[in-house]
Structure formats: structure tokens, C-alpha cells
S.K.: 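Pasting a structure here, questions to come.
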Amino acid sequence: RKEVEQDPGPFNVPEGATVAFNCTYSNSASQSFFWYRQDCRKEPKLLMSVYSSGNEDGRFTAQLNRASQYISLLIRDSKLSDSATYLCVVKGTDSWGKLQFGAGTQVVVTP
Amino acid sequence: GAVVSQHPSWVICKSGTSVKIECRSLDFQATTMFWYRQFPKQSLMLMATSNEGSKATYEQGVEKDKFLINHASLTLSTLTVTSAHPEDSSFYICSARMGDGPQHFGDGTRLSIL
């Protein structure tokens, strides 16, 4: 079983609509979670950290469900520029704190 | 903000060539550096982790004699793909971290071996 699993999509979203997707993780001891954004042929960029109580950053809302071991990302009022692959990332519990990446969920926002 | 520079951004070379990729932290001291590889439509896969001045720790299945990593200073790590073959063609990304701080990613190197 993969450490971090995501629905690869693509999620085709009309501009202005809301889209949400989840990611599951296997290590129940994990403490730190992130959403990264990766554009085609580019490096991943941190979108937001995910906190236990859930958190919002503008149009982006992240939630953590420890009991079911999943995190979610919701994008409201989608913009064309939101088209990207969203990577779910879990910080490992090893001494290095290695990041475990999901394969990403592709979001395509259409006019 | 913290900047990590990776060079070159794109490499095309013949099979059997060795290729060196540099990763520099421009405005902070990178005590730990990570090297990842990403194949199309797949997740970033960690290849190795290194602390400055120490030998790199390789992930299972990554050949240390094939992928030579040097982290000689707090601002520079290099990855050398020795005798590269077409199956080594991939997107290689480094990241750097100071202490237990956040990881900052380089902008990646696209390696194509003909």
C-alpha cells in the first residue's frame, strides 16, 4: 500500500465552481501535512500546511481527519490559473522528517 | 523568501554520458538536502538524503554508485548520474532545509538520455 494515495483525476471544473478532493495516508503517527501545487514540468510549490482544526487561505480550505486518516482540499470560486496538479504531502516520522508525496490530483479549470 | 537554485534546468545527452546536477541554497544554510526523481504522472520519489559533510543516505532501490551525491558545503549539493542510460531520463528535483525548517525546492532538472 502506498504511503500517500490520491485520486489522479482529472477533475474538470467550470470557472467559478467549487472542487474538492481527498488524500489518504497510511501512517497513523504522522503529524504534519501539506498541500503542494505542481504545474506541468515545474517543481512543486507549497500551497498550504494542513492543521488539525482545518484552515483556510483565501479560496483554499484544507481539512484533516485523523480518525479516517485523510486530508482534503477545497477550492472555491475556481480560477483558470488554479489548473495544476495538487500534491498531498505527509511528513514522515523518521529522524529525517522525509516528505512523502502523493502522485497528485490533476485539476483542470475550464472557461 | 528562501531560494534554491538548480542547474542545469534541461539536459539532453547521449547514452553513457555522466551528468552532474547542482543544487544551491542561495540565502540560507542547507543543513539537509534531498534529491528526488519524478517520472511522468507519478509522485516525487525520494532518492537520497544528505547532511552537509556526511555521506548521503540512499533510499531502497537507488544505486549509490550510479547516483553520486556530494554535499560538501552548506550551500551546495551535487547529483551525478554516472553512465546515464535512457531509463534514467526523468525530472530530478532537489530540496534544501535548514535544521527542522521547511523544505525549499529547486526548480528541477529535466534529463533526457538519447
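Hydrogens, waters and symmetry mates are skipped; everything else that's a heavy atom, side chains included, is used. Each chain gets a letter, A, B and so on, in the order the sequences are listed, and its residues count up from 1.
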S.K.: Same cluster or not: are A/Phe21 and A/Val50 linked, directly or through other Ile, Leu, Val, Met, Phe, Trp or Tyr residues, by side-chain heavy atoms under 4.5 angstrom apart?
M.R.: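 Yes, same cluster.
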S.K.: Verify the neighbour count for atom CE of A/Met48: are there more than 12 heavy atoms of other residues, nucleotides or ligands below 6.0 Å?
M.R.: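 Enclosed: over 12 neighbouring heavy atoms sit under 6.0 Å from CE of A/Met48.
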S.K.: Please list all pairs passing the side-chain hydrogen bond (donor to acceptor under 3.5 Å, both in side chains) test where one or both residues lie in residues 12-22 of chain A, with sequence neighbours left out.
M.R.: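 Not a single pair qualifies under side-chain hydrogen bond (donor to acceptor under 3.5 Å, both in side chains).
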S.K.: Sort A/Leu99 into side chain, backbone, both or neither according to what part of it lies under 4.5 angstrom from a heavy atom of chain B.
M.R.: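 For A/Leu99, heavy atoms of backbone and side chain both lie under 4.5 Å from chain B.
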S.K.: Same cluster for B/Ile69 and B/Val62 if Ile/Leu/Val/Met/Phe/Trp/Tyr side chains link at under 4.5 Å?
M.R.: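 Linked within one cluster.
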S.K.: Would a single hydrophobic cluster contain both A/Ile75 and A/Leu87, if residues Ile, Leu, Val, Met, Phe, Trp and Tyr are joined by side-chain heavy-atom contacts under 4.5 Å?
M.R.: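 Not linked; separate clusters.
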S.K.: For A/Ala17, which residues count as a side-chain contact (heavy atoms from CB on, under 4.5 Å) partner, sequence neighbours excluded?
M.R.: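 With sequence neighbours excluded, A/Ala17 shows a side-chain contact (heavy atoms from CB on, under 4.5 Å) to A/Val13, A/Pro14, given in chain and number order.
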S.K.: Taking 3.5 Å as the threshold, show me the donor-acceptor pairs across chain A and chain B, one per line with distances to 0.1 Å.
M.R.:
{"from": "A/Gln38", "atom 1": "OE1", "to": "B/Gln38", "atom 2": "NE2", "distance (Å)": "3.0"}
{"from": "A/Gln38", "atom 1": "NE2", "to": "B/Gln38", "atom 2": "OE1", "distance (Å)": "2.8"}
{"from": "A/Lys91", "atom 1": "NZ", "to": "B/Asp100", "atom 2": "OD1", "distance (Å)": "3.3"}
{"from": "A/Trp96", "atom 1": "O", "to": "B/Arg97", "atom 2": "NH1", "distance (Å)": "2.8"}
{"from": "A/Trp96", "atom 1": "O", "to": "B/Arg97", "atom 2": "NH2", "distance (Å)": "2.8"}
{"from": "A/Lys98", "atom 1": "NZ", "to": "B/Glu59", "atom 2": "OE2", "distance (Å)": "2.5"}

S.K.: Please look at B/Leu46 and chain A and tell me whether the side chain, the backbone, both or neither of the residue comes under 4.5 angstrom of a heavy atom of that chain.
M.R.: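 Only the side chain of B/Leu46 comes within 4.5 Å of chain A.
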S.K.: Output a table of donor-acceptor pairs, distance under 3.5 Å, between side-chain atoms of residues 57-65 of chain A and any protein atom two or more places apart or on a different chain; print 'none' if there are none.
M.R.:
{"from": "A/Arg59", "atom 1": "NH1", "to": "A/Arg76", "atom 2": "O", "distance (Å)": "3.1"}
{"from": "A/Arg59", "atom 1": "NH1", "to": "A/Asp77", "atom 2": "O", "distance (Å)": "3.2"}
{"from": "A/Arg59", "atom 1": "NH1", "to": "A/Asp82", "atom 2": "OD2", "distance (Å)": "2.8"}
{"from": "A/Arg59", "atom 1": "NH2", "to": "A/Asp82", "atom 2": "OD1", "distance (Å)": "3.0"}
{"from": "A/Arg59", "atom 1": "NH2", "to": "A/Asp82", "atom 2": "OD2", "distance (Å)": "3.3"}
{"from": "A/Asn65", "atom 1": "OD1", "to": "A/Ala67", "atom 2": "N", "distance (Å)": "3.2"}
{"from": "A/Asn65", "atom 1": "OD1", "to": "A/Ser68", "atom 2": "N", "distance (Å)": "2.8"}

